[in-house]
Amino acid sequence: MASYRMSRSSALATIGAAASVLGSPHGARAQTASATDISIGVVLAEPYMEPYYADSLGFFKRAGLNPNIQVFPNASITLQAVVGNALAIGTANLIQLASAFNRGVDVTIVAAGGMFTSDQTTIPLCVSKNSPIQSAKDLEGQTVSVTNLAGTEGIAVSEWLKAGGADPQRVKIFEIPFAQVAPALARGTVAAGLLGEPFTSEYAADVRAIGYPYAAIAPAFYTGVWVARRAYLAAHGPVARKLVATLYATAGWANTHKADAAALFAKMSKRDLSGLLSQTRIPFGTSLDVRYAQPLLDKAFAYKLLDRPVNAKDLFWT
């Protein structure tokens, strides 16, 4: 069985160690591992649950792997831990990864993770139930909230506004955590806000969706990817390939056993299963495909979140 641990002190130490590496692509020390050990950094959220599922289902054991699964507060810190060589593999956001790549950091995508697909939407743009707002154009002169302005959400809302005939420059977009969106809508602090689970279901009686902004980026794209240092992969290729195969086998299982996956997610996250079963489950990618990476990278450059364009193929481990 994998070991799961979260240590604030070790996470902070990792951030400090990684910070210097992010500033200089030549400062990482060599990662060491046995023939079967592999450290994996995750975030305790559904898009990153594949290692937990794989361990619970015995997939790692059948692959001859001994994972050390470590929990981090967010994907940015996990990426830093990989870059700082505190982890063999971890989850990352495409935009953050591309930004590191542009600075010459030694990191690459080894496998697809969670995905957005237009037929399985999980993050609607919501207004209060009695709001008169019906469309993007109605939001001109209003305020809209996202949890991350300088990232996928900020891009998605701006693209959705433009697609709906609105001028994003006439809409004030700022950051509010998902947990605060529904109360902010009720108070009138914001006119609309991106809302994610479990809050979308929790406040279903109080809010209504007026759109799904992620679809304005592309019909489908990676919302998370699994990354590693190229130096680590060169030294531990067989272990990494076993891990990738295991992640994809797990993705296939989760995509076709949604109720079972929800039950495992409820157990790991200590969430209520009945509530999870009523929610839309996110799909997981089962291969690397530039079609699911390039659109977001192109938008990130257009919105000046990247200082130069990035070819998705250059981010893939081959």
Less than 4.5 Å apart, side chain to side chain, heavy atoms only: is that true for [X] and [Y]?
X	Y	value
Tyr52	Leu44	yes
Phe60	Leu243	yes
Val181	Tyr203	no
Thr143	Thr189	no
Asn68	Asp37	no
Pro168	Lys162	yes
Phe72	Gln80	no
Leu87	Gln70	yes

Rounded distance (nearest 0.5 Å) linking atom [atom1] of [X] with atom [atom2] of [Y]:
X	Y	atom1	atom2	value
Ile109	Lys313	CD1	NZ	13.5 Å
Ser56	Lys267	OG	NZ	6.0 Å
Thr223	Ile123	OG1	CD1	7.5 Å
Leu296	Ile155	CG	CD1	5.5 Å
Ile89	His236	CD1	NE2	12.5 Å
Phe221	Leu94	CZ	CG	9.0 Å

> Yes or no on side-chain contact (heavy atoms from CB on, under 4.5 Å) for Val290 and Phe316, after CA distance, side-chain angles and deciding distance?
Replying inline: CA-CA 9 Å; Val290 294; Phe316 293 175; 3.8 Å; yes
Quick one: closest heavy-atom pair of [X] and [Y], and the distance?
X	Y	result
Ile133	Ala191	CD1-CB, 3.6 Å
Ala45	Met49	O-CG, 3.3 Å
Thr200	Pro124	CG2-CG, 3.9 Å
Ser99	Leu306	N-CD2, 3.5 Å
Ala156	Ala216	O-CB, 4.2 Å
Leu305	Gly151	CD1-N, 3.8 Å

>> Between Tyr212 and Val190, is there shared hydrophobic-cluster membership here, with clusters defined by ILVMFWY side-chain heavy atoms closer than 4.5 Å?
In response: no
Without swapping roles, check the side chain of [X] against the backbone of [Y] for a donor-acceptor pair under 3.5 Å.
X	Y	value
Asn255	Ala251	yes
Asn93	Ala75	no
Thr108	Leu315	yes
Glu175	Leu149	yes
Thr250	Thr246	yes
Ser39	Ala88	yes
Glu153	Thr147	yes

>> Is there a side-chain contact (heavy atoms from CB on, under 4.5 Å) between Val171 and Gln142? Walk through the geometry before answering.
In response: CA-CA 6 Å; Val171 180; Gln142 304 289 336; 5.6 Å; no
> Are there more than 12 heavy atoms of other residues, nucleotides or ligands under 6.0 Å from atom CZ of Arg230?
Replying inline: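 For Arg230, atom CZ is crowded (more than 12 foreign heavy atoms under 6.0 Å).
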> Does atom NZ of Lys129 have more than 12 heavy-atom neighbours, drawn from other residues, nucleotides or ligands, at distances under 6.0 Å?
Replying inline: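 Yes, enclosed.
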> For Tyr48, which fellow cluster members are found when Ile, Leu, Val, Met, Phe, Trp and Tyr are connected by side-chain heavy-atom distances below 4.5 angstrom, either directly or through intermediates?
Replying inline: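 Grouped by the 4.5 Å side-chain rule, Val43 form the rest of the cluster around Tyr48.
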>> Going by the rule ring-ring contact (aromatic ring centres under 6.0 Å, His included), which residues pair with Tyr53 if we only count those two or more places apart in sequence or in a different chain?
In response: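 So Tyr53 forms a ring-ring contact (aromatic ring centres under 6.0 Å, His included) with Trp253.
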>> Test of understanding: with ring-ring contact (aromatic ring centres under 6.0 Å, His included), list the residues that count as partners of Tyr222, not counting sequence neighbours.
In response: Tyr292
>> side chain to side chain donor-acceptor pair (under 3.5 Å), that's the test. Do Asp289 and Ser287 meet it? Break it down for me.
In response: CA-CA 6 Å; Asp289 190 322; Ser287 66; 5.5 Å; no
> Between Asp167 and Leu161, is a side-chain contact (heavy atoms from CB on, under 4.5 Å) present by the stated rule, with each step listed?
Replying inline: CA-CA 7 Å; Asp167 180 359; Leu161 288 167; over 6 Å; no
>> I'd like to know whether Val127 forms a side-chain contact (heavy atoms from CB on, under 4.5 Å) with Asp138, so could you lay out the CA-CA distance, the side-chain angles of the two residues, the decisive distance to 0.1 Å, and finally the verdict.
In response: CA-CA 11 Å; Val127 297; Asp138 294 337; over 6 Å; no
